[in-house]
Amino acid sequence: MADMNHGEGALQSLPALLERNATRFMSAPAYREKEFGIWQSWTWAETAQEIEKLALGLLDLGVNEGDFIAIIGRNRPYLYWSIVAAQSVGAIPVPLYQDANAEEMAFVLGHCGARFAIVADQEQVDKVIEVQGQLHQFERLIYLDPRGLRKYDHTSLHQFSKVQEQGDARRGALMDELKRRREKLDYDSICVMLYTSGTTGRPKGVVLSNRNVIETAKSTAGFDKLRRKEEVLAYLPMAWVGDFIFSIGQAYWCGFCVNCPESADTMMTDLREIGPTYYFAPPRVFETQLTNVMIRMEDAGKLKKWMFDHYMAHARKVGPALLDGRPVGVMDRVKYAIGDVLVYGPLKNTLGLSRVRVGYTAGEAIGPEIFDFYRSLGINLKQLYGQTEATVFVTAQPDGEVRSDTVGVPSPGVEIRIAENGEVFYRSPGVFVEYYKNADSTADTKDSEGWVATGDAGFIEEDTGHLRIIDRAKDVGRMADGSLFAPKYVENKLKFFPDILEAVVFGNKRSACTAFINIDLTAVGNWAERNNIAYASYQELAGHRRVMDTIQAHVEAVNRSVAEDEMLSGCQVHRFVVLHKELDADDGELTRTRKVRRRIIEEKYADIIAALYDGSEQISTVTEVTYEDGRKGTIRATLEIRDAAVVPLEQKMAAE
C-alpha cells in the first residue's frame, strides 16, 4: 500500500481519489458490468470522463451545492458514477433501496428534501411519479434505461445519456464552476447520506463525511492488505453502508475493480465468472448457498454423496487449522489435499469462491455451523461487526484469529468500551456526523466525547481481547426465573438447517421460550418433489405433517445444543408453530435488509403468541398481506402448535 499513500493529504474527497486513479491507474479496469450476457468494461480514465460529463450535466440542470440527489436502482456503474458526480458538484448523494415501495421512498425523499433523483428504469420512475405530489421540493428525474418511457411527459424527465451529452456540450461554460466546487471539497464535506433500516421505527438519515469514509477505507484496506488487483462483486443494495464502503470507499482508495452482475437471477453465474478475490455477503446469502449445496447433495448418487460426507467431515476437523497456519499432521494434510481435488475445489468453483482471499460476513450473526462449513473448505471467511453510524467497521477478525463465536478485535483507530448494563460503545474516525434533522436522536446515540451507543449487548474476552455480541440490547432479557434470554442466539442455530428460512423466538419475562418458524420453500419444495408429495401453496406445504415432524426434529436438536451453553440453557424452545406465510418486508415484518421487526411481529401475531403460551394445540388466524402489485389481501389458516422436547437443566447438571 506504500504507493497509495503518496500525497494522501490532498485526497480528501471521492473526486480527488478519482482524479488520482484516472492519472495513476489510467488503463486499469475500474468497473465491469454484464449486459445482454456480455461483460462491458471501463478503465479509471474512462470512468473519470463519464463522471465529469454527468457532473457538468447536473450543473446544467441547476444542481446547487448542498442539494440532495436520490439514487435508486440495482448495482450499475452508471449509478455508482452518479454518487461521485453528485459529490463533484457539491451535492449530497442519497442511495435508496430499489425494492422499497412508493410510500417508503416518499418518506426518504421528503425527509431529505431531494430536488433531483437518478433512477435505473421505468419501475423506479413510476414509484417516484406516484408520490411526486407529496414532494413539494422535488424538481427533476433522470432515468438510465429508456424502455417504456417514450410516451411519458418529459418536461422534468431526462435521459441519463442526454444529460451527459448536454453537459459535455456546455463544457466551456461550466468547467470552471465544476473545478471550483470540486476543489472546495475537504474532509469535513458530506460524502453521502444513508438511511438506517428502521427496525424500531422510521429510518434515520445517517450523515457521513469524507473523513468518515476515506479514513475508514484507508485503515481497513491496510488491515486486510487490500491491493489494486482485488476484484469485488457489487450485488448488495447500494443504499446499504456495507456496499458503499466496499464498492466505493475501499474501491476508490485502493483503485480496484467493481463488477456489477446483470441481474439478481444471474448473480451466481456472474459470481463464478468474475471469481472475486474480496467478497462480502450477509449470513442470508451464505445460508442460501449452503441450502442449495445440501439440496444438490440429496439428489446426488450414493457414491458422490458418500464422498461429500466423508471428505467434509475431514474438512471440518482440519480445514480451519490449515487456513490459520496451525500444525496439522502429514496424513491429515494428504487426505485434505485429496479432498480438495475431489470435493472442496469443485465445490468452491461452483460457489464462485475459488479465488476469495478475504471474505466477510456481517449485518446479522451467522450460525457457527454455517461459518465453520465455509472455513473448512479453505475460504478465508471472517466476521466483522459494524453499523451505518460507524461507516461499517467497529471490529474485525485478524487472519489467524478467526472464530465463529466472536466478532474480532477493534478495527484500526476504533476504541471500544462496555457499559455496566453490557451495552457496547465505540469511538472512531468513522463515527457519523449526525442524524439529519434529528438532533435528539443524535444526542441519544453519540455523546459529547464521540462515544456511540450500539444498542447491542456484549463483552470483551479478557484473554483474547475479542468482542462477543450476545444480542440486541433491547432484545436481551430475562426469563421469569431470572435466566438470560437471547433470542438471536437460538434463531441462528435454527436457521442453520436448510429447511428453516427464518425463526423468531419469544420468551422475555415468560416461563419458557416459544418460536415462529418459516420453512425455506426451495429446500422443502425440493424434498416434497423427491418424495412425490403434492402441494398447492406455501401454506399447504408448511402445514404438512411430515414437514412438521422434520421441523420438530430440528427444534429438538437445537434444544440439545442450547442446553450445553450454561449461560443460555434456559432459552430452549418448548413450543413452536410453523407460520402459514413467509415474513416479508412488504408486510412490515422485516426491514429491507431482512432484519426481523420484533415489535411489529408481536403485535400482528398476538393471537398466535397467546396460543403458544395457553396450551392450545391449534389456532385459527386471519393475516393481512401485501401482494407484489401493492394490493392488500388476507390469508386464513388453522395452524398446528407443537411441543418440543427439552433437556431438563437438572438432568444436564447430573450428567456433568
Side-chain angles (χ1 to χ4, degrees), residues 1 5 8 187 194 196 206 208-226 240-242 244-246 249-250 253-254 278 280 282-283 324 357-366 368 371 375 380-433 445-473 476 486 488:
M1 294 292 295
N5 296 334
E8 68 178 55
Y187 252 6
L194 300 166
T196 61
V206 179
L208 298 178
S209 66
N210 283 322
R211 182 189 313 279
N212 296 151
V213 172
I214 295 172
E215 283 295 321
T216 299
K218 178 168 68 172
S219 62
T220 53
F223 180 82
D224 279 311
K225 302 178 179 64
L226 301 181
W240 181 60
V241 68
F244 189 85
I245 202 69
F246 299 129
Q250 290 179 333
W253 178 258
C254 298
Y278 180 44
F280 180 90
D324 290 339
R357 192 179 63 78
V358 180
Y360 271 113
T361 188
E364 289 276 291
I366 189 169
F371 186 70
R375 285 191 61 79
N380 186 26
L381 179 61
K382 306 195 286 186
Q383 295 189 86
L384 67 82
Y385 170 63
Q387 292 190 317
T388 308
E389 293 85 347
T391 320
V392 181
F393 290 88
V394 177
T395 66
Q397 296 179 320
D399 290 334
E401 295 182 41
V402 180
R403 288 162 42 198
S404 61
D405 58 347
T406 82
V407 289
V409 299
S411 283
V414 178
E415 301 169 77
I416 289 178
R417 66 177 172 83
I418 310 294
E420 285 184 18
N421 66 352
E423 186 172 3
V424 180
F425 285 73
Y426 65 87
R427 183 167 65 179
S428 76
V431 166
F432 73 123
V433 178
T445 304
K446 182 174 73 165
D447 70 17
S448 58
E449 295 179 347
W451 287 100
V452 178
T454 63
D456 289 322
F459 61 91
I460 294 172
E461 295 180 340
E462 287 184 17
D463 53 338
T464 66
H466 280 237
L467 177 66
R468 286 185 68 175
I469 297 294
I470 302 171
D471 209 321
R472 290 294 291 168
V476 173
K488 184 60 66 182

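When reading the values below, keep in mind they use all heavy atoms of this one structure, side chains included, and skip hydrogens, waters and symmetry mates. These numbers were taken from a predicted model, which means no experiment stands behind them.
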Salt bridge present between Arg357 and Asp224 (N-O < 4.0 angstrom):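 Answer for the salt bridge query: no.
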Any idea which heavy atoms bring [X] and [Y] closest together, and the distance?
X: Val452; Y: Val431; answer: CG2-CG1, 3.5 Å
X: Leu381; Y: Arg375; answer: O-NH1, 2.9 Å
X: Val414; Y: Ser428; answer: CG2-CB, 3.6 Å
X: Ala396; Y: Pro398; answer: O-CD, 3.5 Å
X: Pro410; Y: Gly465; answer: CD-O, 4.2 Å
X: Trp451; Y: Arg427; answer: NE1-NH1, 3.2 Å

Tyr385 vs Thr454 side-chain heavy atoms within contact, under 4.5 Å: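 SC-SC contact between Tyr385 and Thr454 confirmed.
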Parallel, tilted or perpendicular: rings of Tyr360 and Tyr278 (30°, 60°):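 Plane angle over 60°, so perpendicular.
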Nearest-0.5 Å distance that lies between atom [atom1] in [X] and atom [atom2] in [Y]:
X: Lys446; Y: Tyr426; atom1: NZ; atom2: OH; answer: 9.5 Å
X: His466; Y: Glu461; atom1: NE2; atom2: CD; answer: 7.0 Å
X: Leu208; Y: Leu194; atom1: CG; atom2: CG; answer: 5.5 Å
X: Leu384; Y: Gln397; atom1: CG; atom2: CD; answer: 8.5 Å
X: Glu215; Y: Asn210; atom1: CD; atom2: CG; answer: 11.0 Å
X: Thr395; Y: Ile469; atom1: OG1; atom2: CD1; answer: 7.0 Å

Is [X] reaching over with its side chain to a backbone N or O of [Y], donor-acceptor style, under 3.5 angstrom?
X: Arg417; Y: Phe425; value: no
X: Thr388; Y: Thr196; value: no
X: Glu423; Y: Gly455; value: yes
X: Thr216; Y: Val213; value: no
X: Lys382; Y: Glu401; value: no
X: Asn212; Y: Pro429; value: yes
X: Glu389; Y: Val206; value: no

side-chain contact (heavy atoms from CB on, under 4.5 Å), paired with Leu467, selected from Thr406, Asp456, Ile418: Ile418
side-chain contact (heavy atoms from CB on, under 4.5 Å) evaluation trace for Arg211 with Val433: CA-CA 10 Å; Arg211 182 189 313 279; Val433 178; over 6 Å; no
